[in-house]
Amino acid sequence: QVQLVESGGGLVQSGGSPRLSCAASGRTLSTYALGWFRQAPGKEREFVAAIDWSRGDLYYVDSLKGRFTISRDNAKNTVYLQMNSLKPEDTAVYYCAADSLRKLRLGLSEYWGQGTQVTVSS
């Protein structure tokens, strides 16, 4: 079992740069990838970014590459999502997920956080 707890969401002005955190606990993360997804109102959940915990390889959806950055703190078992130059269309619930890299990128992760709302005001 892996437990994931997100934090850092809220109301942000357009152009803002919040950072989301996802604290993981439970099983060792060395065989997992952790990642971020988001789901906007009325839309399907979409993959945002992932990091292979042991190798540190990074993966991004092309549309957000350059504005969003995923990183990790091994000592804290925490993965971060730095979001820059936010736009109203970035408004969504952001979820943290963990599983093998393949399953995670397909959105088939077994482990999910509860989600954190990010609302970008224009």
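Below, all heavy atoms of this structure are taken into account, side chains as well, without hydrogens, waters or symmetry copies.
Annotation: disulfide bond (SG atoms under 2.5 Å apart) contacts involving residues 27-83, sequence neighbours excluded, are absent. The disulfide bond (SG atoms under 2.5 Å apart) analysis of residues 84-122, with sequence neighbours excluded, yields the pairs Cys22-Cys96.
The aromatic rings of Phe37 and Phe47 sit perpendicular, their planes meeting at an angle over 60°, well past the 30° parallel limit.
Other residues sharing a hydrophobic cluster with Leu108 under the 4.5 Å side-chain heavy-atom criterion for ILVMFWY residues are Leu106.
Residues forming a ring-ring contact (aromatic ring centres under 6.0 Å, His included) with Tyr60 (at least two apart in sequence, or on another chain): none. Considering only residues two or more places apart in sequence or on other chains, Pro88 meets the side-chain contact (heavy atoms from CB on, under 4.5 Å) condition with Ser14, Val120, Ser122. Considering only residues two or more places apart in sequence or on other chains, Ala23 meets the side-chain contact (heavy atoms from CB on, under 4.5 Å) condition with Thr78.
Side-chain contact between Phe68 and Trp36 is absent, with no heavy atoms from C-beta onward closer than 4.5 Å. Ser121 is listed as a side-chain neighbour of Gln13, based on a closest heavy-atom distance under 4.5 Å.
If you run side-chain hydrogen bond (donor to acceptor under 3.5 Å, both in side chains) between Tyr94 and each of Glu6, Arg38, Gln39, only Arg38 comes through.
Note on Asp90 versus Lys87: no salt bridge recorded, every NZ/NE/NH1/NH2 to OD/OE distance being 4.0 Å or above.
Between the OG atom of Ser25 and the NZ atom of Lys76 there is a distance of 15.5 Å, given to the nearest 0.5 Å.
When the shell of 6.0 Å around CD of Glu89 is examined, it contains more than 12 heavy atoms from other residues, nucleotides or ligands.
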